[in-house]
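Every heavy atom of this structure was used, including side-chain atoms; hydrogens, water molecules and symmetry mates were not. Reminder, nothing fancy here: chain letters follow the sequence lines and each chain counts from 1. Note that the structure is predicted; figures quoted are calculated from it, not measured.
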Number of protein chains: 2
Amino acid sequence: MARDPQPGRDDDGRDGARTPQHPAPAHSAREIAAAWERERPGTPVSSIGIVTPIWQLAKLFGDDRRRVLARAGVDTATLDLLSVLRRSGPPYALSTRELGHRSLVTAGAVSQRVARAEQEGLVTREATGGRPRTVLVTLTPAGHDLVEATVDQVLHREAGLVAGLTPEQQTRLTELLHVLLTDVQHRMGDDRLSQVGGE
Amino acid sequence: MARDPQPGRDDDGRDGARTPQHPAPAHSAREIAAAWERERPGTPVSSIGIVTPIWQLAKLFGDDRRRVLARAGVDTATLDLLSVLRRSGPPYALSTRELGHRSLVTAGAVSQRVARAEQEGLVTREATGGRPRTVLVTLTPAGHDLVEATVDQVLHREAGLVAGLTPEQQTRLTELLHVLLTDVQHRMGDDRLSQVGGE
DNA sequence: AGGTCTAAATTTAGCCCTAAACGGATCTGA
DNA sequence: TCAGATCCGTTTAGGGCTAAATTTAGACCT
C-alpha cells in the first residue's frame, strides 16, 4: 500500500511532470503512519517506515527501467532473463528451474518468458535428458548482443538515480538492506510462523 | 466480484506447506555485482547493492501480502484503494486524481480499481460538477469494515518480517530510505536529465 | 516388466497494470 | 458565440504474472 494522510493542505501544485502519465507525489511513510495513528489509534505501524519506501522505490525504479528499455525495444522481463544467462558465463546456459530461482518468479512465468525470448531468437531451448526432465535455455548471439547493448545504459542510469546519497550512506544502506533481505528470506522459508497471527 | 478466501479444497486433509510454487534462493546483490565484474569488466555496478535488494524485498513483501490478503478474499490493489480512503479520514472521499497520486498508479489503473471496488459494493462513485470534471470516490460501510478487518493483519505480519533488525537498525534504515526516496522523486521530476545518456 | 509416484515444465484462467486513444466539459480569446 | 486549447476520467489493447491444472518422462517398488 502507499498513501498519505491529509486531503486538504498540501504543497505540490507545481510543474507538470513530463513523464508519460502518472504523477509523482505520493506521500511519505511518516505521513502514512501518522494518518493511521490519527484514524485508528493502536494500528501496528512499526513496519511502515521500512516497507512503504521500499515498495515506492521499487515502483519508481521499475517504471524508470521499463521506459529506458522501451527505447531499445526490450521489456524488463526479457532483459532480466538474458542478463541472468549472460552473467552466468560461458556456455551461457541454465535450466528453467535455475532461472526461476534466480529471478524470483514462478515456473509458469519462466516458461512464458523463455517462449517469448525464443520467439524473438534471443535464446534457444533444448530438452536434455536430465533426471526428471530438464530443459536447458541457452543465449544466442543475438541475445548476447542485446545484453551488451543495453545493460550499461540501465546500470548507468540507476547509478545516477542513487547518486544523491554520499558514498558512506550508500555503503550503510547496502549493508542494512542485505541484512534485512537475508533475514526476510530466512523467515519466509519457515513460513507457518505466525502467518496471519490473528489478534 | 467478491471472491471467497479459500473455496472448496477439502478432499485432502493433509497440507501445511503454504508457499505456492516459487522457490526462495535468488542471488545476492554482492554475487550479482561480482558476476558482472567477472564477465564484463568495467560494467557500472555501483547501484546494484541498493537497487537489487530493494527490488527483491519489494517482491517478497508484495507476494507475501497478496497471500495473506487472499485468505480474506481481497486483492492488494483493492485494499490499497480502500486504505487510502480510510486513512484520509471522514468523509472518506477523494477524487480519482488524488487516488492516483497517492498510490503511484496511472489514471487508467485508478479507473479500473474503482470500477472493481464499486462492483463489489466497497465504494461509490459520483460525478461532482467540479472544475473540469471531478469524480469523487467514497468508502461504503462495507468497504470501511473490510479495511478494519484486514489492515492490522497485514501490518502485524510485516512488523514480524522486519523484526530481525534491531530497533537502531530499523531507525537507521528508515532514515536512509527516506532520504533516498526523496532524492529519487526529485530527480525523476526533472527527467530529461541524462535519461539514457549512454554511449 | 508393469504400475505407481514424483518432479519438472507447460498450459490455462484470471488479475492488474501501463500506454495510448477517446470522450466530454470548462475556459479563453477573437 | 464559437473554435480551440486543456484537463480529467474512461476505455482499449496488450503485456506480464500467479496459481492451479495438465502433461511428461524418469524413478521406485513388487
Side-chain angles (χ1 to χ4, degrees), chain A residues 16-17 19-23 59 62-67 69-71 73-81 94-101 103-120 125-137, chain B residues 1-3 6-9 12 15 17-23 59-60 62-67 69-71 73-81 94-101 103-120 125-137:
Chain A
T19 19
Q21 283 195 41
H22 79 216
K59 182 77 162 66
D63 285 353
D64 192 73
R65 180 179 289 194
R66 177 161 28 72
R67 278 181 225 121
L69 289 177
R71 291 198 177 72
V74 215
D75 60 85
T76 58
T78 298
L79 185 64
D80 182 41
L81 168 66
L94 292 171
S95 65
T96 64
R97 186 153 171 288
E98 196 59 37
L99 291 171
H101 280 48
S103 290
L104 281 181
V105 295
T106 61
V110 173
S111 221
Q112 294 170 44
R113 284 180 172 196
V114 172
R116 289 192 302 261
E118 185 179 38
Q119 193 70 17
E120 299 181 58
R125 183 160 36 170
E126 58 182 317
T128 72
R131 298 212 301 302
R133 181 161 192 66
T134 306
V135 171
L136 208 64
V137 179
Chain B
M1 47 192 89
R3 54 180 63 276
Q6 281 288 56
R9 70 154 317 134
D12 183 2
D15 80 63
R18 178 60 54 258
T19 358
Q21 284 193 40
H22 80 219
K59 181 77 163 65
L60 293 176
D63 286 353
D64 191 73
R65 179 178 288 194
R66 176 161 30 69
R67 279 180 226 122
L69 289 177
R71 291 198 178 73
V74 214
D75 60 84
T76 57
T78 298
L79 185 64
D80 181 40
L81 168 66
L94 292 170
S95 67
T96 63
R97 187 155 169 285
E98 197 59 38
L99 291 170
H101 279 50
S103 291
L104 281 181
V105 295
T106 61
V110 173
S111 222
Q112 294 172 46
R113 284 179 171 196
V114 171
R116 289 191 302 261
E118 184 179 39
Q119 192 71 16
E120 299 182 54
R125 183 160 35 171
E126 57 181 318
T128 72
R131 293 84 83 187
R133 185 168 189 65
T134 307
V135 171
L136 206 64
V137 179

Report, one pair per line, the protein and nucleotides 11-15 of chain D atoms (nitrogen or oxygen only) whose separation is under 3.5 Å.
residue, atom, partner, partner atom, Å
dT12(D), O4, Gln112(B), NE2, 3.4

Return whichever of Val114(A) or Ala77(B) has its heavy-atom-nearest nucleotide of DNA chain C closer to the 5' end. Val114(A)
Grab the [atom1]-[atom2] distance between [X] and [N] for me, whole Å please.
X         : N       : atom1 : atom2 : result
Leu81(A)  : dG16(D) : CG    : P     : 12 Å
Leu99(A)  : dT10(C) : CG    : P     : 10 Å
Gln119(B) : dC15(C) : CD    : C1'   : 15 Å
Arg97(B)  : dG9(D)  : CZ    : P     : 7 Å
Arg65(B)  : dT18(D) : CZ    : C1'   : 17 Å
Glu126(B) : dG9(D)  : CD    : C1'   : 15 Å
Arg113(B) : dT10(D) : CZ    : C1'   : 16 Å
Asp63(B)  : dC17(D) : CG    : P     : 12 Å

Spacing of [X] atom [atom1] and [Y] atom [atom2] [to the nearest 0.5 Å]:
X         : Y         : atom1 : atom2 : value
Gln112(B) : Thr106(B) : CD    : OG1   : 7.5 Å
Thr76(B)  : Leu79(B)  : OG1   : CG    : 8.0 Å
Gln119(B) : Arg116(B) : CD    : CZ    : 11.0 Å

Would you say [X] places a side-chain N or O within less than 4.0 Å of OP1 or OP2 belonging to [N]?
X         : N       : value
Arg67(B)  : dA19(D) : yes
Thr106(A) : dC17(D) : no
Lys59(B)  : dT18(D) : yes

Locate the shortest heavy-atom distance separating [X] from [Y]; write the atom from each residue and the value.
X         : Y         : value
Lys59(B)  : Leu104(A) : NZ-O, 3.0 Å
Ser95(B)  : Leu136(B) : N-CD1, 3.8 Å
Arg125(B) : Ala115(B) : NH2-CA, 3.7 Å
Leu99(A)  : Val110(A) : CB-CG1, 4.1 Å

